[in-house]
Number of protein chains: 2
Amino acid sequence: MAYRAPVTDYQYILDHVVDFPLLSDTERFGDATSETSLAIISEAGRLCEEVLAPLQREGDLHPAHLENGVVRTSPGFAEGYAAVAEGGWVGISAPEEYGGMGLPLAITSVVNDMMSSACLALQLNPLMTQGQIEALEHHASDEIKRVYLPRLISGEWSGTMNLTEPQAGSDVGALRSRAVDNGDGSFAITGQKIFISWGDNDFTGNVCHLVLARLPGAPEGTRGIGLFMVPKRIPDAEGQPGAANSLRVVSLEHKMGLHGSPTAVMEFDGATGWMIGEPNKGMAAMFTMMNNARLGVGLQGIGVAEGAYQHALAHALERRQGRTPLGDGAGPIADHADVRRMLMQMKAEVFGARAIALGCAVSADMARATGKPEWRDRAAFLTPIAKAFGTDIGVEVSQMGIQVHGGMGYIEETGASQYLRDVRVTAIYEGTNGIQAMDLVGRKLADGGEAATRLLDDIEACAEGARADMPELAEPIWQAAENLREACDWLVAREDLNDRFAGATSFLRAFARVLGACAHLRAAMAEKAQGEAGPRRALARFYVDRLLPEAASLCVQATRGAGDLYGLSHEELAG
Amino acid sequence: MAYRAPVTDYQYILDHVVDFPLLSDTERFGDATSETSLAIISEAGRLCEEVLAPLQREGDLHPAHLENGVVRTSPGFAEGYAAVAEGGWVGISAPEEYGGMGLPLAITSVVNDMMSSACLALQLNPLMTQGQIEALEHHASDEIKRVYLPRLISGEWSGTMNLTEPQAGSDVGALRSRAVDNGDGSFAITGQKIFISWGDNDFTGNVCHLVLARLPGAPEGTRGIGLFMVPKRIPDAEGQPGAANSLRVVSLEHKMGLHGSPTAVMEFDGATGWMIGEPNKGMAAMFTMMNNARLGVGLQGIGVAEGAYQHALAHALERRQGRTPLGDGAGPIADHADVRRMLMQMKAEVFGARAIALGCAVSADMARATGKPEWRDRAAFLTPIAKAFGTDIGVEVSQMGIQVHGGMGYIEETGASQYLRDVRVTAIYEGTNGIQAMDLVGRKLADGGEAATRLLDDIEACAEGARADMPELAEPIWQAAENLREACDWLVAREDLNDRFAGATSFLRAFARVLGACAHLRAAMAEKAQGEAGPRRALARFYVDRLLPEAASLCVQATRGAGDLYGLSHEELAG
């Protein structure tokens with residue numbers, strides 16, 4: 001049941017569905033041709049198939065654990081990580097001057113997607129480091145950059161994000177960790193942080209914690225928070241890991257899944273740290289990197305969905321039960337209508353969600369390469385959709401993977417349940433999917449719906465262009481885009497933000513449905529243009545026939561307002 | 001975070017939503033008054049709250065395991081089981097002449113629902129026994145009944161179902177276990193059975209296996225199967241457990257959840273068994289009891305959903321994060337719109353699914369009490385809906401329970417994930433939910449849609465009756481019923497059964513949506529008639545506003561036919 005990297009699909013999406021080819025016309029990404037990306041994706045694919053995929057089950061069976069205060073990682077993870085680092089896969093999009101490859105985020109995204117299919121628990125480690133690299137690149141002093149960036153980019157050191165505290169989860173502004181100026185350019189950081197992914201390990205030379213903490217006398221809420229680099233071992237004059245810092249892993253969580261990734265409670269006890277960016281502007285610094293981290297988590301969901309799909313498909317082609325409509329005698333269960341429906345849905349969902357996420361990555365790349373605000377706004381708009389929809393699809397496709405397996409799906413040895421148990425957290429961390437939806441209808445519609453409208457214009461233009469060739473796809477997509485436009489206008493017109501929040505989750509999913517349908521249409525049109533046979537059109541047809549219809553009811557749900565949510569009191573909810 | 005039995009809700013559904021009051025007008029169930037049921041439900045509720053609920057986490061942490069061939073159950077399970085047996089809860093609906101209470105299945109259903117909330121792993125044991133009691137009651141010889149029924153009904157012995165073999169899952173007809181006539185009225189049973197829930201335990205005096213096996217020279221497929229009683233210990237002349245039979249537990253499965261329930265691979269090696277019913281008619285005997293077993297599994301899903309809802313609600317009322325629309329300062333997360341949406345959905349789904357299941361139980365009771373085929377057909381029609389929708393809701397509500405908890409939901413100590421891990425199998429066993437849907441559009445529409453039409457007539461009549469008082473509910477429900485009627489007609493008219501199967505899952509869910517909405521409407525109308533304040537109407541409003549709209553797109557999906565499912569070849573699915 002070996003994982004096979006879907007290299008062709010990635011390349012097809014890049015070349016024909018999202019605007020990746022635009023990148024090679026820019027100065028910044030002139031090298032990012034289709035040939036380059038194919039070579040890189042193929043190489044990463046081999047690593048995923050041969051080195052990482054065999055680690056997935058190991059991580060589940062032999063969780064990372066704490067031994068006398070030291071984190072011991074799952075068997076093989078150190079070697080797997082070394083292969084990732086040596087291949088240069090941590091720093092694909094990192095600046096070349098510090099040793100990165102300077103390639104588009106779109107390529108990093110494909111690689112992260114693949115690595116998530118192969119071994120999510122391990123992949124989370126470089127994903128955290130990538131976020132840290134980005135934060136340092138934009139906000140750190142040259143001195144910090146000089147010491148940390150090359151080592152993070154090479155994978156010699158790894159990075160973590162320390163935001164959450166017991167009383168401060170979705171409400172980061174409620175955090176209480178303190179930072180006191182030591183008067184020598186450093187700060188003393190004190191506080192407890194929870195849910196720290198890869199809070200420690202036994203295979204990188206240092207673990208670099210980015211910690212949010214409050215300066216004395218700082219304003220309350222998110223405006224009084226600073227960001228600090230707090231390394232496990234303090235670098236000496238040559239930048240080598242020196243004295244141990246005053247921090248420790250208190251405990252590791254016992255989680256539903258993702259056992260190979262140590263989730264730590266961290267204690268900082270006057271630990272030495274250096275401020276990144278301005279005092280009290282730590283949240284802003286956090287937010288620059290958060291967008292890409294959110295996209296990265298969306299891709300985790302999509303990657304796991306791909307893994308679960310391949311795993312279920314292999315079973316469904318192998319397992320024979322009962323006579324199917326396609327033949328006599330016991331046929332493969334894949335040929336039974338209801339199983340086939342699940343397989344088609346799994347495949348179609350992965351494609352759609354992946355196209356959304358890679359489209360988001362290309363928009364971020366174009367924003368960076370051209371400085372044009374339209375691309376920046378598009379990336380910002382697509383980010384919560386890519387995160388929430390990608391991870392929802394991760395959960396849903398993994399659920400279907402279990403169902404396709406029947407009774408075997410419930411048995412741990414089969415491996416189907418691990419996909420669900422592992423991916424479940426992606427809908428929660430890096431901002432729950434509810435928070436993503438609120439971001440979409442709140443901040444991302446604060447432009448009066450301009451970014452949304454431009455996206456809808458593009459979708460309708462795409463549908464118009466396909467109307468003659470593929471009316472069975474173009475017509476319903478155009479109609480769904482119109483519905484969505486109305487829902488969008490309705491939300492924008494709400495004065496009470498809570499009326500938007502009440503429809504947020506439905507609106508996000510409706511948008512994803514329409515974007516997914518449009519991605520399938522683009523693929524089908526490209527296939528036709530190349531004169532190929534029609535599997536992409538057939539998959540698009542399935543998506544439009546079976547999944548797009550949901551968008552209509554989602555738009556209804558999105559525009560109900562908050563009134564009906566509060567019809568029961570707390571007591572009546574419990575009664 | 002203690003479980004509280006929702007006694008009032010059960011009673012409200014029985015009295016005002018389903019036709020339970022009709023039962024006390026029948027001769028058979030004349031004693032089943034509202035007062036009787038309330039007393040019984042209240043007593044069972046206390047047992048669930050005080051004795052069973054504390055066992056739930058124990059079962060998860062300390063799985064049943066095999067020790068030198070002997071099953072050792074989780075701590076406290078023996079005592080918990082004893083309390084269930086002593087209370088007479090196994091035999092609520094069993095015949096009085098053998099020690100049962102002879103009460104309606106509707107009451108058993110409520111009790112099973114509650115016990116599933118409290119401790120699903122343990123509840124599965126008496127559920128299996130109840131199925132066996134029913135099979136014996138209808139098909140066993142008087143001799144078998146005399147020996148087994150009193151002991152099964154008292155809970156002294158427990159029962160299992162042995163259907164599945166490695167090559168025979170959904171296709172039961174492919175089984176290979178053999179039964180050879182011993183010439184003395186007994187048979188020698190040989191074969192391996194898998195996925196045997198509660199295949200053994202260390203707290204009942206005997207474990208009675210009902211085993212499907214094939215007689216020499218029997219026809220192939222389901223027509224050549226016999227049903228056999230194969231006890232772990234062969235009863236002696238006094239009916240006491242005597243010599244050990246030639247059967248053993250080979251191993252227990254390592255499952256995603258439900259760890260407290262031992263799922264066994266059973267080996268029968270010429271074990272002594274007695275035929276139940278006619279030769280080669282074992283499947284028919286199995287099917288009589290399967291309907292109620294399916295309903296029982298649906299109630300497992302609903303019970304777990306209730307538990308997950310209560311657990312999440314307690315957290316959402318306790319946990320404070322950020323300013324909510326209802327107050328200043330950090331408020332309970334239950335007051336944030338998106339969390340409130342989830343809580344309302346959880347509550348509304350549980351109510352709707354429960355009403356469907358209890359409506360099914362009452363129909364089965366009325367069929368039994370009156371012998372009228374309309375009731376029998378209604379029960380048969382509702383059974384796959386109750387099973388599949390109830391268990392889907394179990395999974396979905398448990399998922400939301402995790403999401404409401406945020407990061408804490410992913411930590412095992414919180415307990416939220418156990419609901420999902422435990423309930424996940426209910427969508428698979430006793431016929432996967434896909435099989436249920438095929439049953440609905442296949443066998444249950446084989447009457448030309450008569451049973452469906454009668455149900456839709458009732459729903460529309462209910463909507464008509466509410467039009468003046470509650471047009472905001474009545475109108476959309478009437479319209480949804482009309483849509484469903486069209487979908488139903490479309491399915492019935494298909495010549496190729498596979499076109500029905502292709503829409504089966506969507507059709508089942510659409511029907512459940514409309515039934516659920518109608519149940520909420522009935523509750524709201526009853527509330528109004530009693531002049532009470534409007535929480536039931538508010539919940540109904542939420543259901544109609546937010547959940548019922550799905551029915552429209554489900555009907556679209558249900559009527560697509562099979563064509564678009566087979567647009568990709570096996571290779572293209574993998575490509």
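Chain A is the first sequence line, chain B the second, and so forth, proteins listed ahead of strands; every chain is numbered from 1. Since the structure is predicted, the reported quantities are computational estimates derived from the model, not experimental observations.
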Taking the side chain as every heavy atom from C-beta outward, state whether B/L420 and A/Q399 have any atom pair closer than 4.5 Å.
-> yes

Could you tell me which residues satisfy side-chain contact (heavy atoms from CB on, under 4.5 Å) with A/T164, sequence neighbours excluded, listed by chain and number?
-> A/I194, A/F195

What part of B/L565 gets closer than 4.5 Å to chain A, counting heavy atoms only: side chain, backbone, both or neither?
-> both

Okay, A/A552 and chain B: the region with an atom under 4.5 Å from a heavy atom over there is neither

With side chains defined as the heavy atoms from C-beta onward, is the minimum distance between A/R340 and B/L573 less than 4.5 Å?
-> yes

Please report the closest heavy-atom contact between B/R546 and A/G561, naming both atoms and the distance.
-> NH2-O, 2.8 Å

Chain B contact via A/Y566 - side chain, backbone, both or neither, heavy atoms under 4.5 Å | both

When heavy-atom pairs shorter than 4.5 Å are enumerated against chain A, which of B/M346, B/M342, B/R323, B/E550 gives the highest number?
-> B/E550

If you tally heavy-atom pairs under 4.5 Å against chain A, which of B/K255, B/M408, B/E253 wins?
-> B/K255

Closest non-hydrogen atoms of B/S553 and A/P549, given as atom of the first, atom of the second and distance, are CB-O, 3.3 Å

Considering only heavy atoms, which portion of B/A574 lies under 4.5 Å from any heavy atom of chain A: side chain, backbone, both, or neither?
-> both

Backbone N or O of B/A427 within a donor-acceptor pair of the A/Q403 side chain at under 3.5 Å?
-> yes

Given that the side chain runs from C-beta out, which part of B/V544 has a heavy atom under 4.5 Å from chain A: side chain, backbone, both or neither?
-> backbone

Any side-chain heavy-atom pair from B/H336 and A/F501 closer than 4.5 angstrom?
-> no

Does a side-chain heavy-atom distance below 4.5 Å link B/D335 with A/H570?
-> yes

Highest number of heavy-atom pairs under 4.5 Å with chain B among A/G221, A/G409, A/G434, A/A502 belongs to A/A502

Check whether A/Q167 gets within reach of chain B through its side chain, its backbone, both or neither, counting any heavy atom under 4.5 Å.
-> backbone

For chain B, which of A/R341, A/R320, A/H254 has the most heavy-atom pairs under 4.5 Å?
-> A/H254

What part of A/A174 lies closer than 4.5 angstrom to a heavy atom of chain B: side chain, backbone, both or neither?
-> neither

Residue selection (most heavy-atom pairs with chain A, distance under 4.5 Å) from B/Q345, B/R537, B/M438, B/R421 = B/R421

Between B/L326, B/T8, B/V339, which has the largest tally of heavy atom pairs under 4.5 Å with chain A?
-> B/L326

Please flag which part of A/V425 lies under 4.5 Å from any non-hydrogen atom of chain B: side chain, backbone, both or neither.
-> both

Let me know if A/A168 has heavy atoms under 4.5 Å from chain B in its side chain, its backbone, both or neither.
-> backbone

Sort B/P6 into side chain, backbone, both or neither according to what part of it lies under 4.5 angstrom from a heavy atom of chain A.
-> neither

Do you know which of B/L548, B/T432, B/T505 has the most heavy-atom pairs with chain A at a distance under 4.5 angstrom?
-> B/T505

With chain B, which of A/G407, A/A437, A/G567 has the greatest number of heavy-atom pairs at distances under 4.5 Å?
-> A/G407

Using a cut-off of under 4.5 Å for heavy-atom pairs, which of A/A337, A/A538, A/S569 has the most such pairs with chain B?
-> A/A337

Could you have a look at A/G534, A/G173, A/G406, A/A551 and say which one has the most heavy-atom pairs with chain B under 4.5 angstrom?
-> A/G406

Interchain contact, A/L258 with chain B, by part (heavy-atom threshold 4.5 Å) = both

A/S417 side chain near B/R424 side chain, heavy-atom distance below 4.5 Å | no

Can you find a pair of side-chain heavy atoms, one from B/T426 and one from A/Y410, that are under 4.5 Å apart?
-> no

Identify which part of B/V395 has an atom lying under 4.5 Å from any heavy atom of chain A, answering side chain, backbone, both or neither.
-> side chain

Which atom of B/R4 lies closest to which atom of A/G575, heavy atoms considered = NH2-CA, 4.4 Å

Of the backbone (N, CA, C, O) and the side chain (C-beta and beyond), which part of B/R319 lies under 4.5 Å from a heavy atom of chain A, both, or neither?
-> side chain

Do side-chain atoms of B/E572 reach the backbone of A/P535 as a donor and acceptor pair under 3.5 angstrom?
-> no

Sort B/A504 into side chain, backbone, both or neither according to what part of it lies under 4.5 angstrom from a heavy atom of chain A.
-> neither

Side-chain touch A/M256/B/I402, heavy atoms, less than 4.5 angstrom | yes

Which region of A/N433, side chain (C-beta onward) or backbone (N, CA, C, O), has a non-hydrogen atom less than 4.5 Å from a non-hydrogen atom of chain B, or is it both or neither?
-> both

Flag, side chain of A/Q321 to backbone of B/G169, donor-acceptor distance under 3.5 Å = yes

Quick one: closest heavy-atom pair of B/N498 and A/P325, and the distance?
-> ND2-CG, 3.2 Å

Should A/K347 and B/L568 count as side-chain neighbours, where that means a heavy-atom distance under 4.5 Å?
-> yes

A/Q418, A/R541, A/E413: which one forms the most heavy-atom pairs within less than 4.5 Å of chain B?
-> A/E413

